[in-house]
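Each remark here refers to the structure printed beneath this line.
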Amino acid sequence: MEALPSYEEAVTNPDWLHLVATYVPVANWPRCCLVDKRFYREFAPQLWQDPLVTVRKLGLHPNDDLAWYRRFVNKHVKSARLETRLYVRSLDFRNFAVRASGLYSSEASERAISESFKNLPQIFPGLICLLVDGHPELDPGSLATAASASQSLQLLDLARCRHELSTKFFNPGLFRDLVFLDISFIPGSIRSATQASLNPRYLPELRVLKVQGREMDNATASLLVQAFGRRLRGLDLSYNKLSDDVLDEIVEHSISHFTFHTDAHFQKEGRLVLQKNIGTPKYGLFPFIEESAHSRDSQFLEKYLADSPFYSQRADQAELQEWQAVRPDGLAAARRDDADMMKGLLLDEAASALNRDDSAFRGPLRLGSGGLTHSYLNGNQFTAAGIDRLIRSSRGRLEHLECDSCLFDPSHPRIHGNIKGLKVIGFFGSAPLFRPVVSSAIRSLRVHHSLVTQVPSVSADGLSRATAARLAEGQLYKNIRRIYPLALVPDTNPRITSIILTNIPARSTGPIIERLTHFLQLAATQQKAIKHARALFTGRSSSVLRGLRHIRLELESDFSESTDVISMSDDVDFDRLLDPAEDDFARDTSSFFDDDDGSFGVTSRGTADSKPHQAKPQKKPASIEEYAHWTSGRLKAFPYADEESEYITQHVNAAHSWTGNVFSVPVWIGPGVITRHAAVNEYMWNVQDPNLRRDVGPATPNHVAAGVPPLSYIFYAAWDAMVMPKNIAQAARSCGSASLRDVAAAIKDYRLRMRGTELHWDGKLELVRTR
């Protein structure tokens, strides 16, 4: 039962009946309507507001849905007064009449629902929410032929309907006030619909659009994004055929141009520094994160404090101007835009308008065009570099981000040589991008588990799930931990209240279990620190952030080695299956990277008036297999043989520049001798390869933690090449036979052991097995 009202609510509410009505069980609502007119006005709107949901709460069995609906529409509704029918605000068919069974079901009963659609605006003039997600029987096409209505729908969920919608489906005035629209997994062309009626001309109030599984390509998605511009608050493009190119269109057309990035919180968060207005199409602009004395201090409790309220220096200015952007303080509940949440908000808004007796009341769902804040990008063909660029370029405006898979696409071509179907999926170095200094408004995430575990998902033709799991948690995990030491932890951003981790394998050799339990332990540590902050900052307890309160772990289906194993005998040639290093590989690929002048765009770092030093590319760059034998001395190949400096100048032409201007930057190559940082040593070895001296970008906190000097530029190709084993065929053969443990059982056992201790996290933890 809900908490009882406070004393203040009890003595200040003008009507005691309105106060207690919310505590009356649903089963008693029909009888309450019969007491008198006063009770009727209080309980009838609740009883009729969402009748299909209410009747289920009143005990209607699913087998009797069709027969009940037929009687409801053809008998009871016709005898109801207009005042009563106006109370019907929502018809939610998602869990209603899903199966055609029962004593009284018939073909006529099944047709009753679809046939009633064209008359819904007249039967229920106040209807604003219609949800038919996945219903096997309903054909929404008749809605387009419905007679004109005085009240427009505001929420329409047609996901997974089997019938194709007309391209002019949204022309009628019945849809002019739509705020939420879900047309996911429906046959038909989105391009034609966008050109005909799926656009602001016919849907001027639309704020949330979900178009999953519509086989959209980049051109179609770009057309859709450009059509709606910054009107949309939420956009779901999941499970289409999109690649990185469309992400720049989203940033340009959908996300607000007013940034949430600011230096005001430098002491506790650091700040973004753009030394020059330069960048590349692959990376975007080149901002650095400049740390303060406290931004890296894990014991600094002020990071748990919410932002101070906005104060104006002008007495006549009480609110923000259009050009002013102040990020959310992090105290309000995270905004959701799913169908259930939006339905609840719209029904509450309608109830408020009814109480105000104001049919023109407009709630906050329609006000303003603040741009995209909720982005869903699951199941596409994005790369980790593309998603990283989206986050950096979104000016801190995103509040919710979903991307359950993204391809790690290292720049070195021999990674993919002749490997059949090799895919490495994961976010390895992206954790710092979710810090408040970059993702200023982020509140919830649904991402691949590697952002936390640093274990990728690996697949290849002929590679069993067990072998893939051992390969991912073996050599790849060790490499990633060495070059990207920083994983996402709860304190990366205390504003994040919910995290969903996807694609977690059902079984693990150990690292995934260790990383997940460590994450839960850190969540408990954050919880304890927040309680301490509330006690420490006396009088400001209400301004302390909540921290992480919800974790959902989505596990893949289970597998068994007895039924899911690939033979390791001679009939499987791992060298042909996985090893890309053929004798003629270097000869076939070297010309692809050669510049016309043979310089590869690299010169030694010198004075402004010195002549650029051009280096002839090596025909046989230092072999990566020889790296293990380098134990002392200075590297002798270019660029270390020509200069003693730790920097060389990299020139970028206009075609590869973010701004279209030619620029040059000093790129850090290291001292050329063995250092105490293993990642730096291998990076220097890779820099000798001319094919890897490209993809310049700024050093992130992850690179700095691995040994790169702050505020330096590096060759990302040389750095990312360290993720893959030197010989992936040998790594696959040497995975061994380490036992695989059940991840779900290990998490449950950890929770049981921590219960009652200081390391018990009392937030909501979900373990879900996905198909």
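With rounding to the nearest 0.5 angstrom, the CH2 atom of Trp630 is 5.0 Å from the CG atom of Asn681. Of the inter-residue distances, the one linking Cys403 atom SG with Ile387 atom CD1 reads 4.0 Å to the nearest 0.5 angstrom. One distance of note links CG of Asp695 with CD1 of Ile714; it measures 10.5 Å at 0.5 Å rounding. Interatomic distance, CG of Asp297 versus CD of Glu302, reported as 11.0 Å (0.5 Å rounding). One distance of note links CG of Leu407 with CG of Leu422; it measures 8.5 Å at 0.5 Å rounding. Between atom CZ of residue Arg465 and atom OG1 of residue Thr467 there is a gap of 12.0 Å, rounded to the nearest 0.5 Å.
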Review point. Could you go step by step and tell me if Ser243 and Asn218 meet the side chain to side chain donor-acceptor pair (under 3.5 Å) rule?
Key: CA-CA 7 Å; Ser243 60; Asn218 287 347; 2.6 Å; yes
**Study point:** CA sep, side-chain torsions, deciding dist, call: Ile496, Leu445, side-chain contact (heavy atoms from CB on, under 4.5 Å)
**Key:** CA-CA 8 Å; Ile496 297 177; Leu445 292 171; 4.0 Å; yes
Point to revise | Full working for side-chain contact (heavy atoms from CB on, under 4.5 Å) between Leu548 and Ile499 | key: CA-CA 8 Å; Leu548 186 60; Ile499 290 179; 3.9 Å; yes
Practice item. List the steps and the verdict of side-chain contact (heavy atoms from CB on, under 4.5 Å) for Arg446 and Thr502. Key: CA-CA 7 Å; Arg446 184 178 182 271; Thr502 70; 3.6 Å; yes
Point to revise | Trace of the side-chain contact (heavy atoms from CB on, under 4.5 Å) decision for Glu290 with Phe266 | key: CA-CA 9 Å; Glu290 181 182 347; Phe266 172 65; 4.3 Å; yes
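Two residues are said to be in side-chain contact when any heavy atoms from C-beta on lie closer than 4.5 Å; His265 and Pro436 fail this criterion. Side-chain contact between His261 and Leu272 is present, with at least one heavy-atom pair separated by less than 4.5 Å. No side-chain heavy atom of Glu554 sits under 4.5 Å from any side-chain heavy atom of Leu501. Ser712 is listed as a side-chain neighbour of Tyr647, based on a closest heavy-atom distance under 4.5 Å. For the pair Arg395 and Ile255, the minimum side-chain heavy-atom distance is below 4.5 Å. The side-chain heavy atoms of Leu520 and Leu759, taken from C-beta on, include no pair separated by under 4.5 Å. Contact annotation: the side chain of Val447 never approaches that of Glu402 to less than 4.5 Å [non-hydrogen atoms, C-beta and beyond]. Within the 4.5 Å cutoff, the side chain of Trp658 has no heavy atoms near those of the Ile278 side chain.
The residue from Arg741, Glu473, Arg515, Glu514 that alone fulfils the side-chain hydrogen bond (donor to acceptor under 3.5 Å, both in side chains) condition with Ser508 is Glu473. Test Thr383, Ile425, Asp720 against Phe408 for side chain to side chain contact (heavy atoms under 4.5 Å, CB included) and you get one pass: Asp720.
A search for salt bridge (charged side-chain N to carboxylate O under 4.0 Å, His left out) contacts involving Arg482 returns Glu682, not counting sequence neighbours. Residues passing the side chain to side chain contact (heavy atoms under 4.5 Å, CB included) test with Gln275 are Val273, Phe288, Leu711, Tyr713, sequence neighbours excluded. Residues meeting the salt bridge (charged side-chain N to carboxylate O under 4.0 Å, His left out) test with Lys528, sequence neighbours left out: Glu758. Not counting sequence neighbours, the partners of Thr453 by the side chain to side chain donor-acceptor pair (under 3.5 Å) test are His449. Among residues two or more places apart in sequence or in another chain, the salt bridge (charged side-chain N to carboxylate O under 4.0 Å, His left out) test is passed with Arg481 by none.
By the 30° and 60° cut-offs, the orientation of the rings of His703 relative to Trp719 is perpendicular.
For His656, the NE2 atom counts as loosely surrounded, since its 6.0 Å shell holds 12 or fewer non-hydrogen atoms of other residues, nucleotides or ligands.
Closest of all the heavy-atom pairs between Val743 and Pro505 is CG2-O, 3.3 Å. Minimum interatomic distance between Asp388 and Ser430 (heavy atoms only, all atoms of both residues): OD1-OG, 2.7 Å. Residues Ile289 and Pro701 approach most closely at CD1-CG, 3.9 Å, considering heavy atoms. Between Leu488 and Val452 the shortest heavy-atom distance is O-CG2, 3.9 Å. When all heavy atoms of Pro490 and Gln526 are compared, the pair lying nearest together is O-NE2, 3.0 Å. Between Asn479 and Pro725, the shortest heavy-atom distance links the atoms ND2-N, 3.9 Å.
No donor-acceptor pair under 3.5 Å is formed between the side chain of Lys276 and the backbone N or O of Phe286. Between the Asn503 side chain and the His448 main chain, no donor and acceptor come within less than 3.5 Å of each other. Side-chain N or O atoms of Arg392 include one that pairs as donor or acceptor with a backbone N or O of Tyr283 at under 3.5 Å. Between the side chain of Ser295 and the backbone N or O of Ser292, at least one donor-acceptor pair lies under 3.5 Å. Distance alone, capped at 3.5 Å, is enough to place a donor-acceptor pair between the Arg694 side chain and the Asn691 backbone.
Remark: Arg634 fails to qualify as a cation-pi partner of Tyr640 under the 6.0 Å distance and 45° angle criteria applied to the six-membered ring. Relative to the six-membered ring of Phe715, Arg693 misses at least one condition, a distance below 6.0 Å or an angle of at most 45° to the axis.
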Would you be so kind as to tabulate the donor-acceptor pairs closer than 3.5 Å made by side chains of residues 659-671, with sequence neighbours excluded?
{"from": "Thr659", "atom 1": "OG1", "to": "Ser657", "atom 2": "OG", "distance (Å)": "3.4"}
{"from": "Trp668", "atom 1": "NE1", "to": "Glu646", "atom 2": "OE1", "distance (Å)": "2.9"}

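Using modelled atom types, one finds no donor on one side chain facing an acceptor on the other under 3.5 Å when comparing Gln454 with Ser450.
Between Asp248 and Arg389 there is a salt bridge, since at least one side-chain N of the basic residue sits less than 4.0 Å from a carboxylate O of the acidic one.
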